[in-house]
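Please read the structure below before turning to the comments.
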Amino acid sequence: MTDRSDLPDLIPPAPVLEAPAPVPIIAPEQGDEMVKLNEADKLALQQKAEQFVTGLLRGDSQSLNFTEGTRSLHNLGQEEIRKASSVSSRLMERPMATQKGLKEGKGARLPVVCWICAEPLKT
């Protein structure tokens with residue numbers, strides 16, 4: 001057996017991880033100013049929104065116009081949400097693939113892929 005008395009005592013490193021600063025709270029009044037639009041564009045967008053809502057409320061709630069209008073509101077931004085979800089899923093798949101590869105002894109041989117489009121990168 002080896003005498004371990006001559007080895008130095010191990011001291012764990014000081015913790016270096018710190019939580020990120022919280023995201024600042026943005027008041028509704030500040031949100032309007034974060035997207036820079038000139039007054040003419042703001043007025044045009046406000047008029048379009050008012051016309052859309054007025055058109056929906058004038059008709060019968062069982063009409064095709066009302067149904068299509070509410071469906072278009074519901075689908076607003078769905079494409080962007082789908083794309084963001086896809087990127088998130090690909091980012092999560094990468095670490096899982098790495099873990100699987102390490103268990104099989106192939107971790108270092110995984111292809112490098114673009115985090116946006118998941119296409120293999122030429123290295």
For the side chain of [X] and the backbone of [Y], is there at least one donor-acceptor N/O pair under 3.5 Å apart?
| X | Y | answer |
| --- | --- | --- |
| T70 | F66 | yes |
| T54 | E50 | yes |
| N38 | D41 | yes |

Report summary line: Smallest heavy-atom separation, F52 atom then S72 atom, equals CZ-OG, 3.7 Å
Rounded to the nearest 0.5 Å, how far does [atom2] of [Y] lie from [atom1] of [X]?
| X | Y | atom1 | atom2 | value |
| --- | --- | --- | --- | --- |
| K36 | K42 | NZ | NZ | 8.5 Å |
| I81 | N75 | CD1 | CG | 10.0 Å |
| Q78 | S85 | CD | OG | 11.0 Å |
| S63 | L56 | OG | CG | 8.5 Å |

Query raised in the report: Going by heavy atoms in the side chains, are K83 and E80 under 4.5 Å from each other?
Result: no
Query raised in the report: Does the side chain of Q47 come under 3.5 Å of the side chain of Q51 through a donor N or O and an acceptor N or O?
Result: no
Requested in this report: Give a yes or no on whether L37 and M34 share a hydrophobic cluster (residues Ile, Leu, Val, Met, Phe, Trp, Tyr; joining criterion: side-chain heavy atoms under 4.5 Å apart).
Outcome: no
Query raised in the report: Charged N to carboxylate O under 4.0 angstrom, R71 versus E68?
Result: no
